[in-house]
Every structure is written in C-alpha cells, then in structure tokens.
Amino acid sequence: SIVYKDNVDAGKASVTVDFQNASEGFYTGSITREFEILAKAISDSTVEVTAKDAVYTGSSIVPELTVIDTDRGEVLVEGQDYSVLKVSASENTAIGTGKVSITGQGNYQGTKEVEFKIIPKSLNDSSIEITIPVVNYTGKPILPEIKIIDTGTGKILEVGKDYKVETAPGADNIEAG
C-alpha cells in the first residue's frame, strides 16, 4: 500500500510504501520518504487578479481586489493566500490608472502588479456640498460665486480645475427669484 501524508499544502510531505501486504511477497517492510511541495507563483497565468474601479478620494487608494486560482476554482483569501503591498501616501491619488502589488503567502509566492482605474467622483455624491450665496437684484446678469466642498476629503473644488461654470443657453440670470 502507498500512504501520503501532508500532501496538499506547500511545504514538506511524505509518502510511505508498505510492502507487508504485497500479494507476491517478494519484498517486506515499509519505507517512508519526504518530498517538497513548492508554493505556486502568484504571477502564474492561472492566478487571475481583478481590481474594481475606485472612485477618486484625494488620498492614496488601494482598490477592492478579487484573486482567483483558476486551476482550483478557488477565490484566494487576503492575509492567508496573499497580502497587498502598502502604497505610499503619494501613490494612486489622481484620476486615471493606479497600480497595486500583491505578494503570495502560504501556498503562493512571488509578487504580481495589478492596474486599476481611478474614476472621477460624481457631484451627485452625498459628500459634495455646494454653497450659493443669496445675492441682491442688480438688473444685470448675476453669476454668484459658488463654493463646492468635498466633505469626504475636505477639499474645496476649484473653478477651471475641478469644474467649470457656464450660463445655460437662454438664461439671463437678471430677474429676482
């Protein structure tokens, strides 16, 4: 008979061959040998990493990741199978493409870099506060100075950089009301 032990996870495993019950009886006894199971490279093509698009925050972003070992059909677990390398405070802060790296742990080893999109924050977001002052009638077109604050980050948005101001076609902004 042949008996394997600890032969699932990366590390040392063993196999024992027992000749005691062989039907021909040419050999007797048993022998045990150790063998090594190497960790799978996290960069292997069968380890798929997808990063969810992240909304701009003004701070460094680490996206939500899904890591799947397609050979096993298993979703890998952060902290058990991989870890996300920390990004500096100046990384992944602008709209566009961000990058993050993961490092294998346990049954996985090595690193893999993943790109993700940082998308603009919607002005309809509940953390956007717009302040428009009350103005007096002048008989001339009025373009009050508005203040837009992202209360989630504390950033005051700038005209021309973060947004632009236009007068709607046909609107004269003259009358009270």
Phe116 pairs by side chain to side chain contact (heavy atoms under 4.5 Å, CB included) with which of Asp53, Val62, Ile61? Ile61
Enter the distance from Ile68:CD1 to Glu74:CD here, rounded to the nearest 0.5 Å. 10.5 Å
Determine whether the side chains of Lys121 and Ser127 contain a donor N or O and an acceptor N or O closer than 3.5 Å. yes
Do the side chain of Thr66 and the main chain of Thr50 share a donor and acceptor less than 3.5 angstrom apart? no
Looking only at non-hydrogen atoms, find the nearest pair between Ile118 and Ile95 and report the distance. O-CG2, 3.4 Å
Could you grab the distance from atom CD1 of Ile146 to atom CD1 of Ile132, nearest 0.5 Å is fine? 5.5 Å
Just verifying a value: how many Å separate Thr103 OG1 and Gln109 CD, rounded to the nearest 0.5 Å? 10.5 Å
Atom of Ile142, atom of Pro144 and distance for their closest heavy-atom approach: O-CD, 3.5 Å
Closest approach of Gln105 and Gly79, non-hydrogen atoms and distance? NE2-O, 3.0 Å
Do Asp81 and Val67 have side chains that get closer than 4.5 Å, going by heavy atoms? no
Show the nearest heavy-atom pair for residues Ser59 and Thr93, with the distance to one decimal. C-CG2, 3.7 Å
Could you go through residues 34-44 and list every donor-acceptor pair under 3.5 Å that involves a side-chain atom there, pairing it with any protein atom two or more places apart or in another chain?
from: Lys40; atom 1: NZ; to: Thr46; atom 2: OG1; distance (Å): 2.8
from: Lys40; atom 1: NZ; to: Asp69; atom 2: OD1; distance (Å): 2.9
from: Lys40; atom 1: NZ; to: Asp69; atom 2: OD2; distance (Å): 3.3
from: Lys40; atom 1: NZ; to: Asp71; atom 2: OD2; distance (Å): 2.9
from: Asp44; atom 1: OD1; to: Thr46; atom 2: N; distance (Å): 2.7
from: Asp44; atom 1: OD1; to: Thr46; atom 2: OG1; distance (Å): 2.7

Any link between Val77 and Val84 through a network of hydrophobic side chains (Ile, Leu, Val, Met, Phe, Trp, Tyr) touching at under 4.5 Å? no
Once you round to the nearest 0.5 Å, how far does CD of Glu48 lie from NZ of Lys112? 7.5 Å
With rounding to the nearest 0.5 Å, note down the distance linking CD in Glu129 to CD1 in Ile156. 10.5 Å
Shared hydrophobic cluster, Val159 / Ile148 (ILVMFWY, side-chain heavy atoms < 4.5 Å): yes
Asn92 side chain to Ser60 main-chain N or O, any donor-acceptor pair under 3.5 Å? no
Could you measure the distance from the CG atom of Asp150 to the OG1 atom of Thr57? Nearest 0.5 Å is fine. 8.5 Å
Within-4.5 Å side-chain heavy-atom neighbours: Lys155 and Asp162: yes
Is there side-chain contact between Lys5 and Thr16, with heavy atoms separated by less than 4.5 Å? no
Do Asp18 and Val3 come within less than 4.5 Å of each other through their side chains, counting heavy atoms only? no
Under a single-linkage definition using a 4.5 Å side-chain heavy-atom cutoff for Ile, Leu, Val, Met, Phe, Trp and Tyr, are Tyr4 and Val8 assigned to the same hydrophobic cluster? no
Could you check if a side-chain atom of Pro141 sits within less than 4.5 angstrom of a side-chain atom of Leu143, using non-hydrogen atoms only? no
Going hydrophobic residue to hydrophobic residue with side-chain gaps under 4.5 angstrom, can you get from Val55 over to Ile128? no
